[in-house]
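Following: one structure in C-alpha cells, then a few remarks.
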Amino acid sequence: MKQPGSAVIGLEIHVQLATASKLFCACSTDYIGAVPNTNVCPVCLGQPGSLPVINARVVEYAVRTALALGARVGHFTRFHRKNYFYPDLPKAYQISQYDLPLAEGGSLPIGEGKERRAIPITRLHLEEDAGKLVHSAADGRLGHSEYSLVDYNRGGVPLMEIVSEPEIATPAEAREYVARLRQLVRYLGVSDGDMEKGSLRVDANVSLRREDGSLGTKVEVKNMNSLRALERALEYEIGRQAEVIATGEQVRQETRHWDDGNGVTCGMRGKEEAHDYRYFPDPDLPPLILPSGFVEEQLRLMPEMPWVLKERFCTDWGLSLEDASVLTEWPGLARYMEGCVRCGANPLRAANWIRTETLRVLNERKIPIEKFPVSPEDFTALLAKVEKGDLSTTLAKKVFDLMVSEGMPLPAAIGRLGANSGKLEGPALIAIIERIMERETGTIEEIRSGKDPKGKKRGFLCGQVMREARGQADPGEVAKMIGEILDNQ
Ligand code: ADP
Ligand code: MG
Ligand code: ZN
C-alpha cells in the first residue's frame with residue numbers, strides 16, 4: 001500500500017458525550033431544542049472569577065471508550081488552554097488536552113474475516129465544545145449574511161476527540177471506521193453518535209504518497225454530516241489532489257470545506273500549527289488524577305463489544321454475516337434479537353422478519369427499536385404461529401401490522417382480524433381457543449379424567465371462547481374444535 005500516489009487518510013473524530021450537564025459546569029447539555037442562551041452560566045460564558053469543575057461522568061465515559069479501544073489510560077493527565085478568538089468562544093480559549101491526553105494508543109477493528117484489520121489510534125482526549133453562530137442568510141452561509149447571532153447553549157458541552165493514525169487507505173475504509181466507532185459509542189452508552197445532529201463530527205485528513213512512498217502534504221476536510229458525505233468528500237479530494245500533482249504543482253496544506261450540494265471541497269483557511277494556539281496548562285484546573293479503582297469500575301461496566309457479538313450471532317445461530325451486521329448495528333436491535341431467541345424463536349426466521357418487517361416499521365415511523373410496540377415475546381409467538389402453519393405469512397403480516405399500529409397484543413390482533421372479516425374462524429378462532437385452553441388447564445384436567453359426566457365443563461369452555469369471540473363464532477364449530485382438542489391429547 002506504500003505506492004506513490006496512493007491515498008493516506010487519518011481521521012479526527014469529535015464525539016459529544018451523552019451527559020446531562022456540561023464538561024465544567026452544571027448547565028444542561030441540551031442545545032438543540034432549547035431557547036438560545038438559556039443553558040448558560042458564568043463558567044461556560046467565561047466570566048471573570050468563575051471556576052471550572054470537572055464532570056466525573058465525562059471522565060467515566062471517555063475512560064470506558066478508551067478501554068474498549070484498548071488504549072492506555074493516563075492516570076495523571078491535565079487540561080490546557082487552546083487560545084484563539086472567535087465570537088462563539090467567549091473565553092477566547094478552549095479548554096482541551098495537549099501533552100497529557102486522557103488516553104493513547106489502541107485500535108479499532110474494521111472489515112470482516114480475512115479483510116479484518118485494526119486501525120491504530122493515536123490518542124483520545126477531552127475538550128469543551130464552542131457555541132454556535134447562526135448566520136442570518138436563508139442558506140445559513142456566513143458570506144451571504146448581513147449579520148450573525150450567537151447561541152452559547154452548546155458552549156462547554158463535553159467532547160471526546162479520537163485521533164487515528166494516518167493508516168486508512170480508501171474512502172470506503174474511512175467510512176467503515178466511522179461506522180464502527182459510531183456503533184461502539186452507542187454500545188458503550190456514551191453518545192448517541194448521531195452525525196446529522198452533530199453528536200459525531202469527522203475531520204478527515206488526506207494526502208497522496210510521494211514518489212519515494214513517504215507521506216505527502218495533508219489537507220483537512222470538514223463539514224461532512226453523513227457517512228455518505230464523508231466517502232464522497234474523500235473521493236473528490238483524492239481526485240483533486242491527484243490533478244494538482246499531475247500538473248506539477250504542490251498540494252497546499254489547508255483546511256477545506258465539503259459542499260455537499262455541489263459535491264466539491266473548497267478552501268477555507270490555511271491550516272494553523274499547534275504553536276499558533278499558544279497552549280498552556282489551565283491554571284484553574286488541577287491535574288486530573290484518576291482515583292484507584294476508577295478504571296476497574298469502568299471495565300466492569302463494559303458491555304460485549306459489537307464485533308464480538310456479531311461473530312457470536314454467526315457462529316451460535318448460523319446467521320449470515322450480513323444479517324449479523326444489520327442486527328448488531330444498534331445495541332437495542334441486538335438485544336431485541338437476543339430476546340426473541342431467548343423466547344424460543346428460530347434465529348433465521350427471526351432475523352429475516354426483523355430485517356424486513358421490524359426495520360421497515362422503524363424506518364417508516366422514524367423510531368428507535370426501544371419504542372417498537374411489539375414485545376419480543378409477542379413477536380416470537382407470532383413467528384411460531386407461522387411456523388406451525390396456524391397463520392399464513394400474508395395473514396401474519398396483517399396481524400403484525402395491527403400489533404404495530406394499534407399496539408395490540410397478539411391474541412387481540414388475531415381476534416380483531418377475524419372479527420373484521422365478519423365471522424370469526426380459522427386461525428383467529430384457533431388462537432382464541434388456544435388461549436382459553438391455556439388458561440383453563442384445571443377444567444381440562446377434570447374433563448379428561450372423566451369428571452364432567454353432564455358435559456357442563458365442556459359447555460363452560462365453549463362459553464368462554466364465545467365470550468372472547470364476542471359472539472362472532474359459530475358455537476357448533478367451537479364445540480367441535482374444543483372436542484377435537486380434548487379428545488386428541
Ligand atoms: P495536526 O497537528 O495538523 O492536527 P496531526 O499530526 O495531529 O496534525 O494529525 C492530525 C490527523 O491527521 C491525524 O488523524 C493523522 O493521522 C492525520 N495525518 C497526519 N499526517 C497525515 C498525512 N500526511 N496524510 C493524511 N493524514 C495525516
Ligand atoms: Mg488536527
Ligand atoms: Zn454553564
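Just follow the structure's listing: the first ligand is 1, and inside any ligand the first atom is 1.
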_Any non-hydrogen side-chain atom of Pro90 less than 4.5 Å from a side-chain atom of Tyr152?_
yes
_Is the positively charged end of Arg180 above the ring of Trp307, judged by distance under 6.0 angstrom from the centroid and angle within 45° of the axis?_
no
*Examine Gly216 against ligand 1 and note whether any of their N/O atoms are separated by less than 3.5 Å.*
yes
*Examine Gln253 against ligand 1 and note whether any of their N/O atoms are separated by less than 3.5 Å.*
no
_Note, Val221 side chain near Tyr236 side chain (heavy atom, < 4.5 Å)_ = no
_Is there a polar contact, in the sense of an N or O pair closer than 3.5 Å, between Leu215 and ligand 1?_
no
*With no hydrogens and no angle check, is any side-chain donor or acceptor of Ser207 less than 3.5 Å from a backbone partner on Lys218?*
no
*Does Gln16 reach the side chain of Leu200, with side-chain heavy atoms less than 4.5 Å apart?*
no
_Ring centres under 6.0 Å, that's the criterion: do Phe280 and Tyr93 meet it?_
no
*Pi-cation contact, Tyr279 with Lys82 (under 6.0 Å, within 45°)*: no
*Go through ligand 1 atom by atom and flag the ones less than 4.0 Å from a non-hydrogen atom of Glu165.*
16 (O)
*Is there any N or O on Lys218 that sits under 3.5 Å from an N or O of ligand 1?*
yes
_Only heavy atoms of Gly10, strictly under 4.0 Å: list the atoms of ligand 1 that pass._
14 (O), 16 (O), 17 (C), 26 (N)
*Does Phe372 have any ring pair (Phe, Tyr, Trp, His ring centres under 6.0 Å) partners at least two apart in sequence or in another chain, and if so, which?*
Tyr336
*asked:* Counting only heavy atoms, tell me which of Val8, Ile168, Asn205, Ile9 gets closest to atom 17 (C) of ligand 1.
replied: Asn205
_I'd like to check which ligand 1 atoms, numbered from 1 as shown, lie under 4.0 Å from a non-hydrogen atom of Leu11._
14 (O)
*Heavy-atom count around Glu196 CD within 6.0 Å, excluding the residue itself: above 12?*
no
*Check which protein N, O or S atoms are less than 2.8 Å from the Zn ion (ligand 3) and report how many there are.*
4
*asked:* Does only the side chain of Thr217 get under 4.0 Å from ligand 1, or the backbone, or both, or neither? Count heavy atoms.
replied: neither
*Can you tell me if Asn223 uses its side chain to pair, donor with acceptor, with the backbone of Trp258 under 3.5 Å?*
yes
*asked:* At less than 4.0 angstrom from any non-hydrogen atom of Ser164, what atoms of ligand 1 do you find?
replied: 13 (C), 14 (O), 15 (C), 16 (O)
_Per-atom contacts of ligand 1 with Val163, taking only distances under 4.0 Å to non-hydrogen atoms_ = 13 (C), 14 (O)
*Short side-chain donor-acceptor distance under 3.5 Å, Ser148 and His135*: yes
